[in-house]
Structures are given as C-alpha cells and as structure tokens.
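Here's the structure we're looking at; comments come further down.
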Amino acid sequence: MALIKQQVANIQEKRGVQIRDTKLQSPASTTTAATRSFPMVGFDVELIEIMERLTTQESARKILPIVGMGGIGKTTLAKNVYDNLYIVHHFHIRIWVTISQDYRVRDILLEALKCVGKTDVDKKLLTVSDQMSEASENELGSLLYKSLWGRRYLVVMDDMWSVEPWDNVKMFFPDNSNRSRVVMTTRLSDMTIHLGPSAFQMNFLDKEKSWELLRRNVFKQTPYPMESEEIGKKIAINCRALPLSIVLVSGILANSKQTEEQWEYVAENLQSILNLEDHEHCLNILSLSYNYLPVHLKPCFLYMGVFPEDENILCPNLLWIRVDSS
Ligand SMILES: Nc1ncnc2c1ncn2[C@@H]1O[C@H](COP(=O)(O)OP(=O)(O)O)[C@@H](O)[C@H]1O
Ligand SMILES: [Mg+2]
C-alpha cells in the first residue's frame with residue numbers, strides 16, 4: 001500500500017490530479033455530503049426512532065450518537081434520515097460532514113459552509129464561498145456562526161473517532177434553544193461516555209432482511225430463482241448479517257456463475273471465515289472480493305485504498321492513476 005501511495009503521489013505531481021488523502025499531501029480531511037439516498041433495506045423502525053428523537057419538542061440543542069461496528073450501516077441509516085423529506089422540512093439547515101481520523105477543523109468548517117450555502121435561500125453565502133479558501137479558521141467559524149444564528153439546524157458528523165472534532169468546532173454552532181440537533185456516528189462505544197446516555201445502538205439485520213439485501217444486490221430488479229433462496233439465506237447468515245459483508249459477497253455472486261455449485265462454494269468459503277474475530281472477519285471477506293476479481297481489475301481495487309472512506313471517487317482520477325501506472 002505504501003508503494004501504491006508513493007506511485008499515486010508521483011502521478012499527482014505529474015498530472016496535477018486532485019486526490020484527497022491526508023497521508024499523501026495533508027489535504028482536506030472531510031468529504032462532501034452526498035445528498036442522494038442509498039436504497040436501504042430494513043432499518044424502518046430505526047429510521048422512525050431516530051427521526052422522532054431528532055424532532056422532539058425539547059428546545060435545547062441535543063446530541064444523538066449512533067453507535068455500531070464498522071459496516072453495520074450507520075452512514076446508510078444517517079443518510080436516509082438526513083434526506084428524509086420530513087427532516088428536510090423540519091430543519092432550516094442541514095449540514096453533513098464526514099470526519100476522518102486525521103480531520104482538520106478548517107475542512108469541517110468549509111464543508112459545513114458549503115452545506116449552508118446549498119440551503120441558503122437568498123444564496124448570499126454562495127458568493128462568499130468563492131473567497132473562502134483564503135479565509136482563516138476564525139473567519140470561517142464566525143461566518144458559519146452568523147449564518148446559523150437563529151436557525152434550526154441538523155448537523156451530522158459521520159464517522160467520529162473521538163469527541164475532539166466536535167469540541168473543536170462547537171463554538172461555531174450557536175445554541176439558540178430552537179431544537180437544533182447534532183448526530184454523530186461512531187464505531188467506538190466508549191465515545192458515548194462523553195456524550196451522555198442517549199446513544200442509539202445499531203443492531204444487525206435479521207435473517208430475512210439479510211437475505212433481501214443479498215438478493216437485491218445480486219439480482220437487482222429481476223426475479224430471482226427460487227432454488228437460490230435456501231443457499232442464499234445460508235450465505236447471508238454466514239456474513240453474520242453484517243451489511244458490509246453482505247454487499248461484498250453479493251458482488252462476488254453477481255459476477256460469478258449463477259449455479260448452485262458456485263453458491264455452495266462461496267457458502268463453504270464463508271463458513272471458514274465465520275469463526276474469526278470481527279476485524280479478521282471483515283478483512284477476510286474483503287480479501288475474498290479481491291481474489292475473485294479478474295486480474296486486470298485487481299490493481300483498480302488496490303488503488304481504492306488511497307481514497308478516504310466515503311469519498312466520492314471521480315472516474316477520471318482513477319483512470320489517470322491506472323493509465324499512468326500501466
Ligand atoms: N440497510 C441497508 N440497506 C442497504 N445497504 C446497506 C444497509 N446497511 C448498510 N448497507 C451497505 O453496507 C455498506 C456499509 O454500510 P455503511 O453505512 O457504510 O456502514 P458503517 O457506516 O456502519 O460503516 C455500504 O455499502 C452500504 O451501502
Ligand atoms: Mg460509515
């Protein structure tokens with residue numbers, strides 16, 4: 001991976017390709033909010049519960065942590081809440097910031113201002129955003145503070161690794177006792193100790209929903225063969241009902257022969273991964289996805305590792321890296 005990063009850094013230098021990776025070039029550490037909703041399987045009860053918690057009558061600003069292991073669907077659920085029409089109408093302004101482990105306060109403020117600019121009715125902030133790259137952290141912060149003043153806002157801070165990012169920016173988010181809310185997603189249950197007892201704990205999908213997720217990813221909208229159901233359910237269970245694992249394995253199944261033997265083979269392979277620790281389990285499923293790729297696509301898979309999590313990857317960037325390295 002170090003080699004690939006070095007290679008990518010060289011290509012960036014040659015091409016001027018903009019790829020954000022904190023370790024490569026200490027660039028921005030947050031990513032833009034994708035406003036599209038992911039098609040979500042299940043989580044209906046969870047969605048409603050979170051929306052209820054976000055829209056209570058309590059006027060003081062509240063923090064709602066969403067906690068669960070990596071790949072369980074925290075970002076997916078938070079994004080579906082964020083884009084839900086009821087939430088869109090309830091809050092004057094919605095802000096989404098993805099926090100990386102090497103976050104920078106400045107990038108959080110810039111991302112927040114971009115979101116404010118998008119929702120700002122009179123578009124005053126959009127013109128300001130052109131000059132923002134020159135502004136100091138304090139200038140950005142005070143601009144954010146002013147633009148949020150008196151408005152009911154929802155902030156989602158996705159993938160927090162500590163409360164520090166929030167501690168460093170919270171003075172720029174005014175608390176006007178107008179039912180503003182902050183959602184933080186995290187895989188670290190310890191983090192919620194600092195945030196009060198209100199954390200929302202994510203659960204795994206049940207057996208039926210796991211199968212539905214697998215089925216939808218493999219067969220899309222087309223009808224699925226009945227004989228795939230039994231073995232498909234077995235595979236979904238072997239993925240420990242973890243959405244990330246199910247999505248990865250669906251990719252393998254969708255691109256391999258749709259025969260019972262092939263599915264049995266995948267199920268058997270997963271069986272051996274089943275007894276491993278969570279971390280190893282994910283890594284092994286990931287390596288399975290890699291092993292099943294055709295040779296010419298394997299480097300592409302590896303190059304994904306240089307992009308921050310939840311980053312929107314522009315195809316031309318990936319293509320340049322690929323062309324330059326071959
Ligand atoms: N309920 C769901 N329905 C459909 N896809 C899901 C669901 N939950 C998670 N996923 C998929 O699983 C993967 C991991 O989910 P993500 O929300 O990124 O997990 P986390 O944020 O907890 O690490 C993503 O590809 C996401 O699209
Ligand atoms: Mg996430």
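Both counts, for ligands and for their atoms, begin at 1 and track the order of listing.
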- May I have the step-by-step check of ring pair (Phe, Tyr, Trp, His ring centres under 6.0 Å) for W161 and Y103, ending in yes or no? CA-CA 10 Å; W161 289 79; Y103 75 97; over 10 Å; no

- Message: Restricting to N/O/S atoms, is T75 within less than 2.8 Å of the Mg ion (ligand 2) or not?
- Response: yes

- Under 3.5 Å between some N or O of ligand 1 and some N or O of L205? no

- Query: Does G73 reach ligand 1 with a nitrogen or oxygen that is under 3.5 Å from one of the ligand's nitrogen or oxygen atoms?
  - Reply: yes

- The option among T76, T186, L244 carrying the non-hydrogen atom nearest to atom 6 (C) of ligand 1 is T76

- Nearest to atom 5 (N) of ligand 1 by heavy atom, L77, V41, L213: which? L213

- Message: Students often mix this up, so state it plainly: with edges at 30° and 60°, are the rings of F173 and Y153 parallel, tilted or perpendicular?
- Response: tilted

- Counting N and O atoms only, with roles assigned by atom type, does the side chain of D158 sit under 3.5 Å from a partner on the main chain of T98, one being a donor and the other an acceptor? no

- Message: Can you see whether R106 engages S136 through a side-chain donor-acceptor pair at a distance of less than 3.5 angstrom?
- Response: no

Say whether [X] and ligand 1 are in contact under the criterion: heavy-atom distance to a ligand atom below 4.0 Å.
| X | result |
| --- | --- |
| G68 | no |
| G70 | yes |
| P39 | yes |

- Should K234 and I237 count as side-chain neighbours, where that means a heavy-atom distance under 4.5 Å? no

- Query: Cluster question for you: counting only ILVMFWY and a side-chain heavy-atom cut-off of under 4.5 Å, with indirect links fine, are Y82 and V45 together?
  - Reply: no

- Query: What distance do E49 atom CD and E46 atom CD have between them, rounded to the nearest 0.5 Å?
  - Reply: 8.0 Å

- Note on the structure: Under 4.0 Å from one or more heavy atoms of V247, ligand 1 contributes atoms 11 (C), 12 (O)

- Query: In ligand 1, which numbered atoms sit nearer than 4.0 Å to a non-hydrogen atom of M69?
  - Reply: 22 (O)

